[in-house]
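Below, each value reflects all heavy atoms present in this structure, side chains not excepted, and no hydrogens, waters or symmetry copies. Within every chain, numbering begins at 1; the chains are lettered A, B, ... in the order of the sequence lines, protein sequences first and strands thereafter.
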Amino acid sequence: ETGVTQTPRHLVMGMTNKKSLKCEQHLGHNAMYWYKQSAKKPLELMFVYNFKEQTENNSVPSRFSPECPNSSHLFLHLHTLQPEDSALYLCASSHFGQGESYEQYFGPGTRLTVT
Amino acid sequence: EDQVTQSPEALRLQEGESSSLNCSYTVSGLRGLFWYRQDPGKGPEFLFTLYSAGEEKEKERLKATLTKKESFLHITAPKPEDSATYLCAVINNAGNMLTFGGGTRLMVKP
């Protein structure tokens, strides 16, 4: 596969469930990102990992827990979510470092519905 | 705090009717300005990066330009398949976090 892949593409979960979103990039990048996209709102950055180290946590509630085991894989662990967490969750990757352009390439997203 | 504002929110064009989308930004040291295209239910697709005022980039019917305060995405003779939401984003010199605008939803009717 090429580019950035995300699984699952669609997820319905109850408020008491625990689930995980997976992202994999095949672009040789060293930075990965999670974004949330809700209707009528701009893309919101959630987490940033540079060289597998989390560098940003944009005031995200603790019911969202990221994990980056290596520079190609990124997970978002979900537990006790609220209905307002229903959204499209997007993963992206880019180069990071001196002289890099930081263009981010996005996966297709996971459409999450919390019931 | 970096800010990006896109206008209009929605734009309806007839096929072949050229127009421009606007992206106004304030940023503490611009590293780059990015344009993306997003189709419904899909992730944003990278289009262009602009780095400095006066720079222009073209791809098929799209042309992006940059000044010190705004960027324009010009669409020449659009086709229905150009219908999508176009997103603008900036990165400052301090890091690698994108700040996105709200997008312009473009609808091109045949």
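- For chain B, the nearby part of A/F96 is the side chain; its heavy atoms alone come within less than 4.5 Å.
- We find the OG1-CG distance between B/T99 and A/L43 to be 11.0 Å, quoted to the nearest 0.5 Å.
- Proximity to chain B is limited to the side chain of A/L45, based on heavy atoms less than 4.5 angstrom apart.
- Hydrophobic clustering (ILVMFWY, side-chain heavy atoms < 4.5 Å, transitive): A/F75 and A/M13 are in distinct clusters.
- Around the CZ atom of B/R105, the shell of radius 6.0 Å holds no more than 12 heavy atoms that belong to other residues, nucleotides or ligands.
- Going from atom NZ of B/K42 over to atom CZ of A/R9 covers 8.5 Å, rounded to the nearest 0.5 Å.
- Aromatic ring centroids of B/Y36 and A/F106 lie under 6.0 Å apart.
- A 6.0 Å sphere centred on NZ of B/K57 holds more than 12 heavy atoms belonging to other residues, nucleotides or ligands.
- Contact between A/A31 and B/N96 at its shortest, heavy atoms only, is CB-ND2, 3.9 Å.
- Here the straight-line distance linking atom CZ of A/F47 with atom CE of B/M97 works out to 13.5 Å at 0.5 Å rounding.
- Hydrophobic cluster membership is shared by B/I91 and A/Y105, with clusters built from Ile, Leu, Val, Met, Phe, Trp and Tyr side chains linked at under 4.5 angstrom.
- Using a 4.5 Å heavy-atom threshold, the side chains of B/T49 and A/Y102 count as separate.
- Scanning all heavy atoms of the two residues, the minimum distance from B/G102 to A/P42 falls at CA-CG, 4.1 Å.
- Side-chain heavy atoms closer than 4.5 Å link hydrophobic residues (I, L, V, M, F, W, Y) into clusters, and following such links, possibly through other members, connects A/Y89 to A/M15.
- Residue contact with chain B, scored on non-hydrogen atoms closer than 4.5 Å, involves the side chain of A/Q37 exclusively.
- When the shell of 6.0 Å around CZ of A/R63 is examined, it contains more than 12 heavy atoms from other residues, nucleotides or ligands.
- Proximity to chain A involves both the backbone and the side chain of B/L98, based on heavy atoms less than 4.5 angstrom apart.
- If you chain together hydrophobic residues whose side chains sit under 4.5 Å apart, B/F34 and A/M32 never meet in one group.
- Among the candidates A/G109, A/P108, A/S94, the residue making the largest number of heavy-atom pairs closer than 4.5 Å to chain B is A/P108.
- In the hydrophobic cluster analysis, where Ile, Leu, Val, Met, Phe, Trp and Tyr join through side-chain heavy atoms closer than 4.5 angstrom, B/L66 is grouped together with B/Y86.
- Heavy-atom contacts from other residues, nucleotides or ligands closer than 6.0 Å to CD of B/E15 number more than 12.
- For B/Q38, the part lying under 4.5 angstrom from a heavy atom of chain A is the side chain only.
- Going from atom CZ of B/F46 over to atom CD of A/Q104 covers 11.0 Å, rounded to the nearest 0.5 Å.
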